[in-house]
Amino acid sequence: MVRNITSDIKYIGVDDTDLDLFESQYIIPNGISYNSFIIDDEKIAIMDTVDGRKCDEWLANLAEALGERQPDFLVVQHMEPDHAGCIEAVMERYPDLQIVATARAVQMLPQFFEEFDFEGRTIAVKESESLSLGRHTLQFFTAPMVHWPEVMVTYDATDKVLFSADGFGKFGALSHEEEWACEARRYYFNICGKYGAPVQALLKKAATLDIEIIAPLHGPILTENLGYYIGLYDTWSRYDVETEGVFIACASIHGGTLAAAELLAEILREKGAPKVSVADLSRDDMAEAIEDAFRMSRLVVAAASYDGGVFPPMHDFLHHLQIKGYQRRKVGIIENGSWAPCAGRVMHEMLSQMKQVEIVEPTVTLWSRMKRADRAALETLADALLAE
C-alpha cells in the first residue's frame with residue numbers, strides 16, 4: 001500500500017492481519033500495522049523497515065515508490081524486530097544504502113544480523129544532529145527508553161512531520177477503522193507504561209517543534225487535533241487520572257468472589273460513582289485490564305485464596321501492574337477463602353511495593369460465599385473508595 005502523506009513523503013508500510021499475538025503476549029483482533037515511509041528529495045531516505053513476516057510485501061512497496069531511483073539513507077529509529085526485520089534484505093538490495101541511527105542502535109545491528117557486514121555503511125547521529133536531503137532537513141532527537149535504549153525520533157521541518165517511533169502507536173491494522181484512544185491506550189500502558197519519565201522528556205522536546213503530522217511506527221498517521229493525542233500522552237506518562245471511576249479486577253474460582261465484585265459495582269453506582277467497570281481476570285484480556293487500571297482513579301482487587309496465596313490470575317495482574325509502574329491510585333481489597341483466607345495479605349504486600357498506592361480500609365473478607373451480612377462491609381468499602 002503506497003500512498004502520499006505529503007507531496008514528498010510516501011507511506012510504504014504494510015498491515016499484518018494474520019498475527020495473533022503482538023510481542024507474543026498481546027491479542028490483536030484487528031491486526032497491526034508496520035509503518036514505513038520514504039522521503040523523496042535530491043537524496044532519498046527510507047524511514048524504518050517492517051517486520052520480517054512482511055518483508056516481500058514491503059520491498060515491493062518500496063520498489064514501487066522508488067521507481068528507477070536508488071535510496072541513499074535508511075533511518076533506523078528503533079531496532080525492535082517488528083520495525084528492523086528487513087534491514088539486511090534492503091541493504092543487500094541497495095548496496096550504496098547508508099544506515100542512519102543512534103550509536104546504540106548501530107551497536108545492536110550485529111545482534112540481529114550476525115552475518116551481514118555493516119562496516120562503512122552506518123552513520124551514528126547524536127542529539128539534535130541534522131541530515132540534509134536537499135529540500136528536506138531531518139533532525140534527530142534521542143528518546144532512550146521509549147521504550148528501548150537506542151530509540152530516536154526524527155523531525156522533518158519542511159513538511160512539519162514528527163516520525164515518532166513507537167510513540168503515539170496503536171494496535172490495529174490501518175485497513176480497520178476504529179476510534180483511536182482505546183487501542184492506543186492499551187498499547188501505551190502495556191508497551192511503554194513503565195517509562196513515563198522518558199516519555200515526558202520526549203514530549204518536552206516535541207513541544208519545541210512545529211508539528212503538523214505525527215507518523216508513528218504503528219497505527220494511523222495523525223494529521224488533525226494533535227493537541228488531543230499529545231494531551232492524552234501527557235496524562236498517561238504523568239500517571240494522572242484520565243477517567244474518574246472505579247475499576248474492579250476480579251479473580252474468582254467458582255463465582256463467589258465475582259458475585260461480591262458485581263454487588264460492589266452496584267453499590268458504587270448507587271452511591272454516585274461516575275463510572276464503574278468489572279473485569280473477570282480469568283477470562284478477559286489482561287492487557288485491557290491493565291489499561292483500565294491505569295485509566296481509572298480507583299481500583300478494587302477481589303480474589304480467592306489459592307495454595308496459601310492468591311488465585312494466579314490476580315497474581316499475574318498485580319505483577320503486570322508492578323512492572324508497568326502502576327502508581328498514585330487508591331485501591332480497595334476483597335479476599336475470599338473457605339478455611340484460611342490469605343489472598344488479602346498477598347495482594348496487600350504486592351500493592352505496598354507500588355509507588356504512592358493508598359490501600360483503603362476495610363479489607364473485606366468473605367468466607368466461601370457472600371452472605372447478607374457482608375453487604376455492610378462492601379458499603380463501607382465503597383464509601384472509603386469514594387471519599388475525597
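The analysis underlying the following values was restricted to heavy atoms, covering all of them including side chains, and did not include hydrogens, waters or symmetry mates.
Open room surrounds NZ on Lys355; 12 or fewer heavy atoms of other groups in view lie less than 6.0 Å from it. More than 12 heavy atoms of other residues, nucleotides or ligands sit less than 6.0 Å from atom CD of Gln25. Other residues, nucleotides and ligands contribute at most 12 non-hydrogen atoms within 6.0 Å of the NE2 atom of His315. Few gaps surround CD on Glu270; more than 12 heavy atoms of other groups in view lie less than 6.0 Å from it. Within 6.0 Å of CG in Asp56 there are 12 or fewer heavy atoms belonging to other residues, nucleotides or ligands.
The side chain to side chain donor-acceptor pair (under 3.5 Å) contacts involving residues 32-47 comprise Tyr11-Asn35, Asp16-Tyr34, Ser33-Asn35, Ser36-Trp58, Asp40-Arg69, where partners must be two or more places apart or lie in separate chains. Every pair passing side chain to side chain donor-acceptor pair (under 3.5 Å) that includes a residue from residues 205-214 is listed here, sequence neighbours excluded: Glu127-Lys205, Thr142-Lys205, Lys160-Asp210. Residue pairs meeting the side chain to side chain donor-acceptor pair (under 3.5 Å) criterion with at least one member in residues 377-386, sequence neighbours excluded, are Lys271-Glu379, Lys271-Asp383, Arg375-Glu379. Sorted by first then second residue, the side chain to side chain donor-acceptor pair (under 3.5 Å) pairs that include residues 244-257, not counting sequence neighbours, are Glu244-Ser297, Thr257-Asn336. Applying the salt bridge (Lys or Arg N to Asp or Glu O under 4.0 Å) definition to pairs two or more places apart or across chains, those involving residues 344-353 are Arg345-Glu349. Note on residues 182-202: pairs passing salt bridge (Lys or Arg N to Asp or Glu O under 4.0 Å), not counting sequence neighbours, are Glu183-Arg186, Arg185-Glu242, Arg185-Glu291, Arg186-Asp285.
Side-chain contact annotation: Ser368 with Ser338, donor-acceptor N/O pair under 3.5 Å present. Between the side chains of Arg135 and Thr158, not a single donor N or O lies within less than 3.5 Å of an accepting N or O. Side-chain contact check for Gln77 and Asp166: no donor-acceptor pair (N or O, by modelled atom type) lies under 3.5 Å. Judged by distance alone, the side chains of Gln353 and Gln322 do bring a donor and an acceptor atom under 3.5 Å apart.
In terms of heavy-atom proximity, Gly256 sits nearest to Arg369 at N-NH1, 3.2 Å. Closest of all the heavy-atom pairs between Ala273 and Val276 is CB-CG2, 3.6 Å.
Side-chain contact between Ile214 and Ile230 is present, with at least one heavy-atom pair separated by less than 4.5 Å.
Residues passing the ring pair (Phe, Tyr, Trp, His ring centres under 6.0 Å) test with Tyr94: none are found, sequence neighbours excluded. Shown here are the ring pair (Phe, Tyr, Trp, His ring centres under 6.0 Å) partners of His147, two or more places apart in sequence or in another chain: His78. Residues meeting the ring pair (Phe, Tyr, Trp, His ring centres under 6.0 Å) test with Phe140, sequence neighbours left out: none. The ring pair (Phe, Tyr, Trp, His ring centres under 6.0 Å) search around Phe247 returns none, not counting sequence neighbours. Judged as a disulfide (SG to SG under 2.5 Å), and not counting sequence neighbours, the contacts of Cys55 are Cys86.
Shown are Asp82, Val50, Asp48; of these, the side-chain contact (heavy atoms from CB on, under 4.5 Å) with Leu217 is made only by Asp48. Shown are Phe168, Tyr195, Phe189; of these, the ring pair (Phe, Tyr, Trp, His ring centres under 6.0 Å) with Tyr233 is made only by Phe168.
Look at Lys54 and Asp15 and you find no salt bridge, because none of the NZ, NE, NH1 or NH2 atoms lies under 4.0 Å from a carboxylate O. Checked for salt-bridge contact, Asp280 and Arg283 meet the test: a charged N lies under 4.0 Å from a carboxylate O.
Between Tyr326 and His320, the ring center distance fails the sub-6.0 Å criterion.
Between Tyr187 and Phe22, the ring-plane angle classifies as tilted under the 30° and 60° cut-offs.
Note that OG1 of Thr49 and CE of Met91 are 11.0 Å apart. Values are rounded to the nearest 0.5 Å.
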Enumerate donor-acceptor pairs with a distance under 3.5 Å from any side-chain N or O in residues 96-114 to protein atoms, sequence neighbours excluded.
residue: Gln98; atom: NE2; partner: Gly120; partner atom: O; Å: 3.2
residue: Thr102; atom: OG1; partner: Ala105; partner atom: N; Å: 3.2
residue: Thr102; atom: OG1; partner: Glu150; partner atom: O; Å: 2.8

